[in-house]
There are 2 protein chains.
Amino acid sequence: MTAPDWQSLPDRLRARGLRWTPQRRVLVDVLSRTRGHVTGSQLLERCRAIEPATIPSTVYRTLDVLEELGMVRHGHAADGREEFHVLPEADHGHLHCGACGGSWDLSANEADGLVRSLRAGRGFVVDLSHVTIVGRCGACCGEPGTEGW
Amino acid sequence: MTAPDWQSLPDRLRARGLRWTPQRRVLVDVLSRTRGHVTGSQLLERCRAIEPATIPSTVYRTLDVLEELGMVRHGHAADGREEFHVLPEADHGHLHCGACGGSWDLSANEADGLVRSLRAGRGFVVDLSHVTIVGRCGACCGEPGTEGW
DNA sequence: CCCACTGTTGCAACTGGTTGCAACAGGATG
DNA sequence: CATCCTGTTGCAACCAGTTGCAACAGTGGG
Ligand SMILES: [Mn+2]
Ligand SMILES: [Mn+2]
Ligand SMILES: [Zn+2]
Ligand SMILES: [Zn+2]
C-alpha cells in the first residue's frame with residue numbers, strides 16, 4: 001500500500017519482460033492525474049481526450065496489468081461495475097446508499113469487527129478494497145425511497 | 001421474508017393493475033423450481049428450454065417486477081454480476097473466495113457486528129442480501145493463489 | 001361478449017466490457 | 001545497427017444486459 005511510483009514503472013515492466021508502449025504511456029498519464037474512484041469507461045474517455053485512437057480492449061487489458069503491479073486496485077460499485085482506485089489511498093471499502101445514490105468510504109477501522117470475526121470464525125481473509133456495503137444512509141432512512149438496491 | 005406464494009401471484013399482480021402473461025408464467029415456472037442463486041442469463045436459458053422464443057428483455061423486466069413484489073431478491077456475485085435468490089431463504093449475505101472460487105452464505109448473525117456498528121455510528125441500514133465479501137478462504141489462505149479478486 | 005385502457009412484449013439499437021487472432025513493435029542481444 | 005523473440009495492439013465478433021418505441025394483448029367495465 002505504498003505510494004505509486006509512476007516514474008519507475010517503465011523499468012518495473014521491463015524487469016518482468018513486459019513493455020512500455022505509447023498506449024500505456026497515455027493511460028498512465030491519465031491515472032497519474034487521477035484521485036479517488038474511476039470506472040474503466042471514464043478512463044477510456046480520458047485517454048481518448050489525449051489520443052482519440054485509443055482502443056477499449058487495450059485500456060482494459062492495461063488496467064489488468066497495472067493491477068497486477070499494484071498501481072491500481074479495483075472494487076465494485078453498488079451496481080456491480082468495476083471501479084478503480086488509484087493508489088496511494090489507504091485500503092478501504094465503500095458504503096453506498098441505494099436511495100440517494102450517496103457513497104462513503106468505509107475505513108479499515110470500521111470494518112475491523114467483521115474482518116476479525118471472519119478471520120477468527122472461518123479463517124477467511126477479507127479483501128477490504130472489494131467490500132461495498134449497500135443499504136440506506138441515515139438521511140434517507142425514514143423517507144419513502146427508491147428501491148434501487 | 002415469508003415463503004413465496006406462487007399460487008397467489010397472478011392475483012397479486014392483478015391487484016396492482018399488473019398482468020399475468022404467458023411469458024411471466026414461464027419464468028415463474030422456472031423460478032418455482034429453483035433453489036439458491038441464479039444469474040439472469042441462467043434463468044433466460046431455462047426459460048428457453050421451455051419456450052425457445054423467450055426474449056431477454058422480457059425476462060429481465062419480469063425479474064424487476066418480481067423483485068418489487070418480493071418474490072426474488074438480487075445480490076451481486078464477486079464479479080459484480082447480478083445473482084437472484086429465490087425466497088424463502090433467510091436474509092443473508094455472501095462470502096466469496098477469489099482464489100478457489102468458493103462461495104458461502106453469510107448469516108445475519110455473523111454480519112451482526114458490522115450491521116450494528118454502521119447503524120449506531122452512521123445511521124446506515126445495511127441491505128444484507130446485497131453484501132458480498134470477497135477475500136480468501138481458510139483453505140486458500142496460505143497457498144499461492146490466483147489474484148482474481 | 002365486446003371495448004377501451006394501459007401494461008407488456010418484441011425488436012432493434014446500444015452500452016460496457018471481453019476474447020481470439022493475425023499483424024505489429026518493444027527491446028535485448030550480438 | 002540489424003535480428004529475433006515474444007508481448008502488445010487493433011480489430012471484429014461476441015456477451016450480458018438495458019432502453020425506446022410501436023404493436024399487441026390482459027383485464028375490468030359496460
Ligand atoms: Mn444491485
Ligand atoms: Mn472484482
Ligand atoms: Zn441516502
Ligand atoms: Zn478458497
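Chain letters run A, B, ... following the sequence lines, proteins first and then strands; every chain starts at 1.
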query = So, are B/Arg46 and B/Asp29 salt-bridged, with charged N and O less than 4.0 Å apart?
reply =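 Salt bridge flag = no for B/Asp29 with B/Arg46.
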
Rounding to a whole Å, what distance do you find between [X]:[atom1] and [N]:[atom2]?
{"X": "A/Arg16", "N": "D/dT8", "atom1": "CZ", "atom2": "C1'", "answer": "17 Å"}
{"X": "A/Glu68", "N": "D/dT8", "atom1": "CD", "atom2": "P", "answer": "10 Å"}
{"X": "A/Gln23", "N": "C/dC24", "atom1": "CD", "atom2": "P", "answer": "14 Å"}
{"X": "A/Ile55", "N": "C/dT19", "atom1": "CD1", "atom2": "P", "answer": "17 Å"}
{"X": "A/Arg24", "N": "C/dG26", "atom1": "CZ", "atom2": "P", "answer": "12 Å"}
{"X": "A/Asp64", "N": "D/dG7", "atom1": "CG", "atom2": "P", "answer": "16 Å"}
{"X": "B/Leu63", "N": "C/dT8", "atom1": "CG", "atom2": "P", "answer": "14 Å"}
{"X": "B/His74", "N": "D/dA16", "atom1": "NE2", "atom2": "P", "answer": "18 Å"}

query = If the sugar-phosphate is the primed atoms plus P, OP1 and OP2 and the base is the rest, what is the B/S/- string for nucleotides 20-29 of chain D, using protein heavy atoms under 4.0 Å?
reply = BB---BBSS-

Ring pair (Phe, Tyr, Trp, His ring centres under 6.0 Å), paired with A/His94, selected from A/His37, A/His76, A/His74 =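 Of the listed residues A/His37, A/His76, A/His74, the ring pair (Phe, Tyr, Trp, His ring centres under 6.0 Å) partner of A/His94 is A/His37.
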
ask   = Judged by atom type as modelled, is there a donor-acceptor pair below 3.5 Å linking the side chain of A/Gln42 to the main-chain atoms of A/Thr39?
value = yes

query = Does any N or O in the side chain of B/Arg122 come within less than 3.5 Å of the main-chain N or O of A/Cys137, such that one atom is a donor and the other an acceptor?
reply =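 Not confirmed, B/Arg122 side chain does not pair with A/Cys137 backbone.
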
message = Which residues in residues 43-51 of chain B have a heavy atom closer than 4.0 Å to any atom of DNA chain C?
response =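 Going residue by residue through residues 43-51 of chain B, none turns out to have a heavy atom under 4.0 Å of DNA chain C.
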
Does the side chain of [X] pick up a donor-acceptor pair with the side chain of [Y] at under 3.5 Å?
{"X": "A/Ser8", "Y": "A/Asp11", "result": "no"}
{"X": "A/Asp64", "Y": "A/Thr62", "result": "no"}
{"X": "A/His130", "Y": "B/His96", "result": "no"}

query = Hey, does B/Val86 have a side-chain heavy atom less than 4.5 Å from the side chain of B/Phe84?
reply = no

task = Please tell me if the side chains of B/Ser129 and B/Arg73 come closer than 4.5 Å, counting only heavy atoms from C-beta onward.
result =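 Yes. Closest side-chain heavy atoms under 4.5 Å.
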
ask   = Counting only heavy atoms not in A/Arg25, do more than 12 fall under 6.0 Å of its CZ?
value = yes

query = Where do A/Ala77 and A/Thr132 come nearest, in terms of heavy atoms and distance?
reply =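 Answer, listing the atom of A/Ala77 first, then A/Thr132: C-CG2, 4.3 Å.
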
query = Do the side-chain N or O atoms of A/Tyr60 get closer than 4.0 angstrom to the phosphate oxygens (OP1, OP2) of C/dG17?
reply =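 For C/dG17, OP1 or OP2 has a side-chain N or O of A/Tyr60 closer than 4.0 Å.
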
request  = Check each residue of residues 26-34 of chain B for a non-hydrogen atom within less than 4.0 Å of any atom in DNA chain D, then write out the ones that pass by number, or none.
outcome  = none

